[in-house]
Amino acid sequence: MAALTDWQSETYTALRDAHERGQLGHATLLTGPAQIGKRLVADTLAAYILCHQPQSGFACGQCRACQLRLAGTHPDLRVVTFELNKEGTKLRTEIVIDQLRAVSASLALTPQMGGAQIVIVDPADAINHAAANALLKTLEEPMPNRYLWLLAANPGNLPQTIRSRCQKIEMPVPKRESAMAWLKSSGQSAEAAAAALTAARGHPVLARDWLANGGMALRARIDNDLDLLAQSKRLPSEVAEAWMQEDPDLCVRFAAELAVDRAAALPPSNAGRALATWFDEANRARALLRTPVRPNLILTELLVDWCRKMVPLNKERRP
Ligand SMILES: [Zn+2]
């Protein structure tokens with residue numbers, strides 16, 4: 001298992017200590033932005049709790065329980081995540097009721113290795129309505145030594161009835177110094193690390209990925225595209241076509257964030273309001289990109305609207 005970063009270690013230690021004190025609840029809702037390391041923390045904690053002879057606060061990696069876990073066959077550890085659809089052609093985008101029924105059935109049994117029984121649901125915010133009702137029944141019948149951990153980047157998508165039955169642990173983005181130290185230790189210059197961290201709103205893992213996979217260069221291009229559109233130097237359809245060649249969702253995400261940065265640099269005026277409205281539209285476009293609507297139509301419409309809002313402002317500024 002990968003080593004924990006400082007901020008992951010903080011959450012891990014808090015949860016492990018709660019377990020040692022007998023205060024780890026039956027159900028825990030672990031929240032925090034995508035890719036911050038919720039799953040790694042949950043996996044590390046499961047390993048520790050199931051291990052027969054933990055060492056220095058971590059699983060030993062060698063006992064029978066650890067061997068079974070490493071082989072993916074530990075009978076008392078279950079991970080519920082996206083499964084293939086009925087046709088076996090693609091991954092579902094929801095966690096469905098049969099999966100949660102299997103969870104309650106297994107939690108009703110005595111743990112086979114005589115210790116704890118752990119279920120990790122990742123991502124719990126993808127549980128659909130019917131599955132949420134099945135989960136609620138499980139939450140209403142807590143049993144000793146059975147743990148249910150729900151991991152969610154958007155806990156607001158879970159019904160309040162579920163959230164209120166869980167112990168809530170938040171894993172926020174770390175403090176800037178700690179994120180900077182981690183980025184620099186992975187070989188980034190202070191300057192590159194600082195720019196990427198600002199772009200990623202303080203999320204160190206995103207910042208690292210964007211530095212490694214050309215995300216920061218793409219962001220600079222999106223910034224330039226937005227300028228060229230506002231100056232009527234490029235057509236929305238051309239830019240949409242270019243964004244189609246990249247990850248359209250990431251392009252719109254960058255564009256939305258760049259619009260917010262621009263709005264923040266303006267006095268609160270019509271321009272600022274226009275940018276804020278466009279930000280909302282960009283987020284709606286991102287949601288639409290997950291539907292069967294043709295992505296180049298979504299992108300073109302969004303960029304036409306950018307021009308509609310920005311070209312007149314640009315003319316005012318440079319008569
Ligand atoms: Zn072990």
Side-chain angles (χ1 to χ4, degrees), residues 1-32 34-83 95 99-124 135 138-139 141-153 166-172 174 178 182 185-186 204-205 208:
M1 210 174 297
L4 300 177
T5 63
D6 286 354
W7 69 88
Q8 291 161 355
S9 191
E10 234 171 80
T11 307
Y12 173 70
T13 309
L15 286 165
R16 189 190 60 206
D17 291 352
H19 178 259
E20 292 310 292
R21 291 193 306 269
Q23 288 170 350
L24 186 63
H26 162 70
T28 302
L29 174 58
L30 182 57
T31 65
Q35 291 184 62
I36 201 73
K38 299 185 293 296
R39 178 64 181 278
L40 182 59
V41 166
D43 286 345
T44 309
L45 187 67
Y48 171 76
I49 291 176
L50 296 172
C51 177
H52 294 160
Q53 45 193 32
Q55 286 162 9
S56 320
F58 289 90
C60 74
Q62 274 142 31
C63 68
R64 177 86 183 122
C66 283
Q67 283 175 8
L68 287 170
R69 173 182 56 76
L70 289 166
T73 51
H74 196 297
D76 300 320
L77 175 62
R78 179 189 280 264
V79 176
V80 179
T81 186
F82 296 130
E83 287 182 354
I95 289 175
Q99 296 178 273
L100 272 301
R101 280 194 182 131
V103 166
S104 37
S106 74
L107 284 176
L109 303 170
T110 309
Q112 293 186 45
M113 303 275 293
Q117 200 177 148
I118 299 169
V119 177
I120 299 173
V121 184
D122 177 27
L135 179 63
T138 310
L139 290 172
E141 295 154 10
M143 291 171 71
N145 249 352
R146 315 293 209 280
Y147 297 103
L148 183 60
W149 299 337
L150 307 179
L151 314 189
C166 297
Q167 205 168 10
K168 280 171 221 65
I169 304 285
E170 204 193 335
M171 226 178 129
S178 144
W182 180 74
S185 75
S186 67
V205 182
R208 182 200 59 189

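Just so you know, ligand 1 is whichever comes first in the structure, and atom 1 is the first atom listed for that ligand. Position 1 is the first residue of the sequence, and the numbers go up from there.
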*asked:* Closer than 3.5 angstrom, by distance alone: can the side chain of R146 be matched with the main-chain N or O of P144 as a donor-acceptor pair?
replied: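 Yes: the side chain of R146 pairs with the backbone of P144.
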With a cut-off of 3.5 Å and sequence neighbours excluded, list every side-chain donor-acceptor pair involving residues 5-17.
{"unit_1": "T5", "atom_1": "OG1", "unit_2": "Q8", "atom_2": "N", "d": "3.3"}
{"unit_1": "T5", "atom_1": "OG1", "unit_2": "Q8", "atom_2": "OE1", "d": "3.3"}
{"unit_1": "W7", "atom_1": "NE1", "unit_2": "I36", "atom_2": "O", "d": "3.0"}
{"unit_1": "Q8", "atom_1": "OE1", "unit_2": "T5", "atom_2": "N", "d": "3.0"}
{"unit_1": "Q8", "atom_1": "NE2", "unit_2": "I36", "atom_2": "O", "d": "3.1"}
{"unit_1": "Y12", "atom_1": "OH", "unit_2": "G57", "atom_2": "O", "d": "2.7"}
{"unit_1": "T13", "atom_1": "OG1", "unit_2": "S9", "atom_2": "O", "d": "2.7"}
{"unit_1": "R16", "atom_1": "NH1", "unit_2": "G57", "atom_2": "O", "d": "2.8"}

What pair of heavy atoms forms the shortest contact from [X] to [Y], and how long is it?
X	Y	value
R78	A102	NH1-CB, 3.7 Å
L151	R39	CD1-CA, 3.6 Å
Y48	P54	CE1-CB, 3.5 Å
Q62	Q67	O-NE2, 3.0 Å

*the Zn ion (ligand 1): protein N, O or S atoms [distance under 2.8 Å]*: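 Near the Zn ion (ligand 1), the protein supplies C51 SG, C60 SG, C63 SG, C66 SG.
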